[in-house]
Amino acid sequence: MFTGSAALNLDAKGRLTMPTRYRASLIDTCGGQLVLTLHPFDDCLALYPRAEFMDTARKLSEQRDSNPQVRQLKRRFLGQAAEIEMDSNGRLLVPPELRAAISLEKRAMLIGQMHRFEIWKEESWSDVDGTLDPAALPESVQELSF
């Protein structure tokens, strides 16, 4: 559903404007109701249509808290989640605590990941958007035909 990337500016109020090409799909899929949270593994934010987030959150919440890493993952992913709504101009308010968590100030990269987006600080995205080591990929990925 969501692919591609876009460079975005953060306005003085901490809002990002969703590119036009995604707006209709987000309205159709979730009525502009989204959830923004810390990505569980990377130094970026994860933006989900609300129903998609709820499905992932339900699966995560079913995991046992007896494992300290599971508890930490829940704190990061569920405990930092914020419900946000796209306004009529396609803007999303990024809560200050999430902006601070990834040091997001003025420039961001929006990266489509099919069922969700990642929001990266532009400089951080430049650091991770490098070459892949095919040998380090799981065999199931190596077998894909591109």
Note to self: A side-chain contact here means heavy atoms from C-beta on lying under 4.5 Å apart; do Leu73 and Leu60 qualify?
What the structure shows: yes
Item checked: Contact summary for Asp65 and Arg71, nearest pair of heavy atoms -> O-NH1, 2.7 Å
Check: Checking Ser124 side chain against Trp120 main chain: does a donor-acceptor pair fall under 3.5 Å?
Finding: no
Margin query: So which atom in Leu93 and which in Pro95 form the shortest heavy-atom distance, rounded to 0.1 Å?
Written below: O-CD, 3.4 Å
Next item on the list: Would you check if Ile119 and Leu98 make a side-chain contact, meaning some heavy-atom pair closer than 4.5 Å?
Entry: no
Next item on the list: Run the numbers on His115 and Phe2 for side-chain contact (heavy atoms from CB on, under 4.5 Å), then give the verdict.
Entry: CA-CA 6 Å; His115 67 286; Phe2 308 119; 5.8 Å; no
Notebook entry, point to check: Ignoring hydrogens and geometry, is there a side-chain-to-backbone donor-acceptor pair from Arg23 to Met18 under 3.5 Å?
Noted result: yes
Check: Can you list every salt bridge (charged side-chain N to carboxylate O under 4.0 Å, His left out) pair that touches residues 106-119, not counting sequence neighbours?
Finding: Arg107-Glu122, Arg116-Glu118
Margin query: Measuring from atom NZ of Lys121 to atom CG of Leu45, what distance do you get when rounded to the nearest 0.5 angstrom?
Written below: 12.0 Å
Taking only distance into account, with no hydrogens and no angle test, what donor-acceptor pairs under 3.5 Å do side-chain atoms of residues 28-38 form with protein atoms, sequence neighbours excluded?
{"residue": "Thr29", "atom": "OG1", "partner": "Ser25", "partner atom": "O", "Å": "2.2"}
{"residue": "Gln33", "atom": "NE2", "partner": "Glu85", "partner atom": "OE1", "Å": "3.4"}
{"residue": "Gln33", "atom": "NE2", "partner": "Glu85", "partner atom": "OE2", "Å": "3.2"}
{"residue": "Thr37", "atom": "OG1", "partner": "Phe77", "partner atom": "O", "Å": "2.6"}
{"residue": "Thr37", "atom": "OG1", "partner": "Ala81", "partner atom": "N", "Å": "3.4"}

Note to self: In this structure, would Phe53 and Leu26 fall into the same cluster of hydrophobic residues linked by side-chain contacts under 4.5 Å?
What the structure shows: no
Notebook entry, point to check: Does some side-chain heavy atom of Leu47 sit less than 4.5 Å from a side-chain heavy atom of Gln113?
Noted result: no
Next item on the list: Measure the spacing between CG of Leu92 and OG1 of Thr17 and express it to the nearest 0.5 Å.
Entry: 8.0 Å
Check: Considering all heavy atoms of both residues, which atom of Arg76 and which atom of Phe41 are nearest to each other, and what is their separation?
Finding: NE-N, 4.5 Å
Notebook entry, point to check: Got a second to check how far Ile102's CD1 is from Cys44's SG, nearest 0.5 Å?
Noted result: 7.0 Å
Next item on the list: Could you tell me whether a side-chain N or O of Lys74 sits under 3.5 Å from a main-chain N or O of Gln63, the two making a donor and an acceptor?
Entry: yes
Item checked: Cluster check Met1, Leu110: I/L/V/M/F/W/Y, side chain < 4.5 angstrom -> yes
Checklist line | Within 6.0 angstrom of Gln142 CD, more than 12 heavy atoms from elsewhere | finding: yes
Check: Is there a side-chain contact between Met86 and Ile27 (heavy atoms, below 4.5 Å)?
Finding: yes
Checklist line | Hphob cluster co-occupancy, Leu10 + Ile111, side-chain heavy atoms under 4.5 angstrom | finding: no
Next item on the list: Give a yes or no answer on whether the side chain of Asn89 reaches the backbone of Arg91 with a donor-acceptor pair at less than 3.5 Å.
Entry: no
Checklist line | Closest heavy-atom pair and its distance - Arg64, Val70 | finding: O-CG1, 3.3 Å
Check: Is any side-chain heavy atom of Leu8 less than 4.5 Å from a side-chain heavy atom of Leu16?
Finding: yes
Next item on the list: Determine, step by step, whether Phe117 and Tyr22 satisfy the ring-ring contact (aromatic ring centres under 6.0 Å, His included) criterion, reporting the C-alpha distance in whole Å, the side-chain angles of both residues, the deciding distance to 0.1 Å, and the verdict.
Entry: CA-CA 11 Å; Phe117 294 98; Tyr22 302 122; 4.8 Å; yes
Notebook entry, point to check: Between the side chain of Asp11 and the main-chain N/O of Lys13, is any donor-acceptor distance below 3.5 Å?
Noted result: yes
Next item on the list: Could you state whether Val94 and Trp125 fall into the same hydrophobic cluster, counting links through intermediate Ile, Leu, Val, Met, Phe, Trp or Tyr residues with side-chain heavy atoms under 4.5 angstrom apart?
Entry: no
Notebook entry, point to check: CZ of Arg58: more than 12 outside heavy atoms within 6.0 angstrom?
Noted result: yes
Notebook entry, point to check: Where do Arg50 and Glu83 land on the salt bridge (Lys or Arg N to Asp or Glu O under 4.0 Å) test, with the steps shown first?
Noted result: CA-CA 8 Å; Arg50 189 176 187 287; Glu83 292 190 22; 3.4 Å; yes
